[in-house]
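A short write-up of the structure that comes next.
A note on names: the letters A, B, ... follow the listed sequences, proteins ahead of strands, and every chain is numbered from 1.
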Number of protein chains: 2
Amino acid sequence: MVDALRALANPMRLQMLLWLRDPIRNFAGMETIADPLEVGVCVSHIQAKAGLAQSTVSAYMAELQRAGLVLATRVGKWTHYKRDEQRIAQFVAALGQTL
Amino acid sequence: MVDALRALANPMRLQMLLWLRDPIRNFAGMETIADPLEVGVCVSHIQAKAGLAQSTVSAYMAELQRAGLVLATRVGKWTHYKRDEQRIAQFVAALGQTL
DNA sequence: CCGACATTTCGAAGAATCCCGATTTGTCAT
DNA sequence: ATGACAAATCGGGATTCTTCGAAATGTCGG
């Protein structure tokens with residue numbers, strides 16, 4: 001709960017999670033090795049969009065994952081991240097209840 | 001939006017906001033100068049409950065206020081804080097929409 | 001096995017947060 | 001006016017966050 005709030009309290013991390021709502025629109029024109037809707041978006045593409053260092057993006061995605069907001073899938077050398085819609089909805093519902 | 005998330009990302013500030021959901025139960029036995037449901041709870045009482053320094057509690061409540069989650073009312077020497085239910089509901093709704 | 005490339009992990013500088021005690025400000029009663 | 005008390009502000013030390021570049025790890029093609 002607090003972990004998710006902390007993860008979302010950073011503008012760039014929040015933005016990244018929002019980009020993943022519509023991967024096709026937000027990562028258009030990037031060569032895709034797998035279906036974005038199925039496995040998600042790879043770190044390189046998120047990095048290109050964010051304009052941060054590669055190591056920073058990696059750490060941020062790992063933090064979103066630890067917070068239970070995204071799921072990671074490795075396809076070859078590429079790690080793909082997609083939203084964990086169930087956990088996100090669960091978080092919003094829980095916040096609405098307790099808050 | 002991010003301001004509210006940042007304010008809530010601290011366990012004690014979150015706790016304080018939750019205490020204010022039921023002031024009568026959570027601040028029972030404390031001498032009240034005004035109706036807790038009407039004007040809220042004064043800083044001294046929140047401080048006693050939290051066990052933090054007075055200056056810390058003052059700063060934390062101010063931060064919750066800047067984030068639009070609580071309202072402040074001064075009654076005599078006492079500043080009372082109560083939840084801004086409308087803004088809180090608005091925040092939860094907005095989060096559910098954008099997130 | 002080796003080079004190339006994606007990602008993670010490590011180490012570090014600067015900024016922000018957390019939390020405190022001390023001081024200042026605001027307000028009331030005398 | 002002044003003393004007492006609540007709250008806000010100030011100044012600072014410890015910790016965490018933000019972000020980077022460099023190095024290590026994982027994975028594929030040849």
Sequence-distant partners of Glu85(B), side-chain hydrogen bond (donor to acceptor under 3.5 Å, both in side chains), two or more places apart: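 Arg83(B).
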For the side chain of [X], counting heavy atoms from C-beta on, which of [options] is nearest?
| X | options | result |
| --- | --- | --- |
| Ser44(B) | dA7(D), dT16(D), dT9(C) | dA7(D) |
| Trp78(A) | dC18(C), dA7(D), dA6(C) | dA6(C) |
| Arg74(B) | dA6(D), dC19(C), dT8(C) | dA6(D) |
| Val43(A) | dT7(C), dT19(D), dA7(D) | dT7(C) |
| Asn10(A) | dT19(D), dT9(C), dA22(C) | dT19(D) |
| Ala53(A) | dA6(C), dC20(D), dA8(D) | dC20(D) |
| Ser58(B) | dC20(C), dA8(D), dA6(C) | dA8(D) |
| Lys77(B) | dC19(C), dT8(C), dT27(C) | dT27(C) |

Would you mind reading off the distance between [X] atom [atom1] and [N] atom [atom2], rounded to a whole angstrom?
| X | N | atom1 | atom2 | value |
| --- | --- | --- | --- | --- |
| Gln65(A) | dT9(C) | CD | C1' | 15 Å |
| Asp3(A) | dC17(D) | CG | P | 10 Å |
| Arg66(A) | dC17(D) | CZ | P | 10 Å |
| His80(A) | dT27(D) | NE2 | C1' | 14 Å |
| Leu64(A) | dT8(C) | CG | P | 12 Å |
| Met30(B) | dA6(D) | CE | C1' | 15 Å |
| Arg13(B) | dC19(C) | CZ | C1' | 11 Å |
| Glu63(B) | dT9(D) | CD | C1' | 15 Å |

Check the phosphate of [N] against [X], side-chain N and O only, distance under 4.0 Å to OP1 or OP2. Yes or no?
| X | N | result |
| --- | --- | --- |
| Thr56(B) | dC18(C) | no |
| Ser55(B) | dC20(C) | no |
| Arg6(A) | dC17(D) | yes |

Side-chain touch Val70(B)/Asp84(B), heavy atoms, less than 4.5 angstrom: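 Of all side-chain heavy-atom pairs linking Asp84(B) with Val70(B), none is under 4.5 Å.
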Side-chain heavy-atom pair Asn26(B), Leu18(B) within 4.5 angstrom cut-off: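 A side-chain contact is absent here, since even the closest heavy-atom pair is not under 4.5 Å.
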Check against side chain to side chain contact (heavy atoms under 4.5 Å, CB included), Thr73(A) and Thr79(A): CA-CA 6 Å; Thr73(A) 313; Thr79(A) 302; over 6 Å; no
Heavy-atom neighbours of Ile33(A) CD1 exceed 12 at 6.0 Å: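 Counting neighbours around CD1 of Ile33(A), 12 or fewer heavy atoms of other residues, nucleotides or ligands fall under 6.0 Å, so no.
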Pair of N/O donor and acceptor under 3.5 Å linking dA6(C) base with Gln54(A) side chain: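 Not at all, since no donor on one side and acceptor on the other fall under 3.5 Å apart.
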Nearest-0.5 Å distance, CE of residue Met30(A) to NZ of residue Lys49(A): 6.5 Å
Most 5' of Val57(A) and Tyr60(B) on DNA chain C, judged by nearest nucleotide: Val57(A)
